[in-house]
Amino acid sequence: MPRKLAAVLLAVAFVAGCGEEPGFTATLTDPVNVDLSWPDDDPNVAGRVVEFTTDPPGEYTILQFVPPRQTTYRHPDLIPETRFHYRIRPFFGAVSDAVTLSGPSVSDSGPAVSLRTGGQAAAPASFRAEPAAEEMVRFSWADRSSDEDGFLVEIKKPGAPDFVPIEMSDPGTTSAGLASMPGEEGASHRLRAFYYGPASPVLDLVRVRTVRTVLTLTSP
């Protein structure tokens with residue numbers, strides 16, 4: 001008797017963990033994507049950073065810096081059979097004046113002061129965005145903060161409602177380079193010296209099981 005091969009897709013599941021902060025959730029929306037969600041509970045934040053690790057004692061990897069009113073993030077293309085641990089951290093800081101390409105900032109340089117107490121006096125000075133070779137944009141600035149955790153280049157594309165972070169630089173740096181992308185013609189840029197707030201509790205939530213296709217013999 002002839003037989004045919006039929007494909008059967010095995011079920012996919014996840015294991016929920018503990019340590020969840022009220023309002024901070026992670027949902028396995030399909031076999032390889034996790035959707036994170038959190039409350040917009042601090043009107044003073046400059047934004048939040050979303051991080052994950054597969055080894056809680058080790059270092060966390062930054063997934064994305066997100067603007068202050070954003071409350072969701074999708075972590076795509078997860079590795080099967082791996083447990084993921086998530087956290088979010090708010091960040092704060094002072095921001096430079098906005099510039100367009102070749103437009104210098106009007107900020108004046110000054111002595112370095114603390115971001116936590118110096119207010120706008122700690123914002124980067126003389127921020128400039130200039131075209132560079134191979135469709136790059138080169139940013140330069142004067143560092144006026146004494147205790148930043150880093151710098152964020154932010155962009156506001158034409159027609160966009162607000163600035164969003166697109167690049168992070170290490171503390172103490174005064175320049176950065178970034179590839180120019182389609183749709184950014186005429187965009188404004190600004191630079192934020194930032195420091196982190198306290199991290200959320202770790203959300204230990206997801207283990208993705210491998211999706212397998214099993215071939216079975218069936219009668220015609």
Do the side chains of [Y] and [X] get nearer than 4.5 Å, heavy atoms only?
| X | Y | result |
| --- | --- | --- |
| S96 | W141 | no |
| L36 | F52 | no |
| R48 | D42 | yes |

Qualifying residue, where the test is side-chain contact (heavy atoms from CB on, under 4.5 Å) with E148 and the options are D170, T173, L115: L115

Determine, step by step, whether S200 and Y86 satisfy the side-chain contact (heavy atoms from CB on, under 4.5 Å) criterion, reporting the C-alpha distance in whole Å, the side-chain angles of both residues, the deciding distance to 0.1 Å, and the verdict. CA-CA 9 Å; S200 71; Y86 297 96; over 6 Å; no

From CA spacing to verdict: side-chain contact (heavy atoms from CB on, under 4.5 Å), V66, W38: CA-CA 12 Å; V66 299; W38 57 87; 3.9 Å; yes

[X], [Y]: one ILVMFWY side-chain cluster at the under-4.5 Å cut-off?
| X | Y | answer |
| --- | --- | --- |
| V164 | V153 | yes |
| F163 | F151 | no |
| L101 | I166 | yes |

If the condition is ring-ring contact (aromatic ring centres under 6.0 Å, His included), which residues does F65 pass it with, not counting sequence neighbours? F91, F194

Which pair of heavy atoms, one from [X] and one from [Y], lies closest together, and at what distance?
| X | Y | answer |
| --- | --- | --- |
| Y195 | G93 | CE2-N, 4.4 Å |
| F127 | D97 | CD2-O, 4.0 Å |
| S114 | A122 | O-CB, 3.9 Å |
| P57 | D55 | CD-OD1, 2.9 Å |
| Q120 | A94 | OE1-CB, 4.1 Å |
| P68 | A46 | CD-O, 3.2 Å |

Do T53 and E51 pass the side-chain contact (heavy atoms from CB on, under 4.5 Å) test, and can you show the C-alpha distance, the side-chain angles, and the key distance before you say yes or no? CA-CA 7 Å; T53 184; E51 302 174 314; over 6 Å; no

Interatomic distance, [X] atom [atom1] to [Y] atom [atom2] [nearest 0.5 angstrom]:
| X | Y | atom1 | atom2 | result |
| --- | --- | --- | --- | --- |
| L203 | I88 | CG | CD1 | 9.5 Å |
| H189 | I155 | NE2 | CD1 | 3.5 Å |
| R116 | S146 | CZ | OG | 8.5 Å |
| L152 | E167 | CG | CD | 9.0 Å |
| L191 | S140 | CG | OG | 10.0 Å |

side-chain hydrogen bond (donor to acceptor under 3.5 Å, both in side chains): which pairs involve residues 58-74, sequence neighbours left out? T29-R74, D35-R74, D40-R69

Donor-acceptor pair, side chain of [X] and main chain of [Y], under 3.5 angstrom:
| X | Y | result |
| --- | --- | --- |
| N33 | L78 | no |
| E184 | P182 | no |
| R87 | V202 | no |

Residues R138 and E130 bridged, charged N to O under 4.0 Å: no

Using a cut-off of 6.0 Å, state whether more than 12 heavy atoms not belonging to M136 lie near its atom CE. yes

Does a donor on one side chain sit under 3.5 Å from an acceptor on the other, for S145 and D147? no

Should F84 and V34 be marked as a side-chain contact (heavy atoms from CB on, under 4.5 Å) after you check the CA-CA gap, both sets of side-chain angles, and the distance that decides it? CA-CA 10 Å; F84 293 86; V34 167; over 6 Å; no

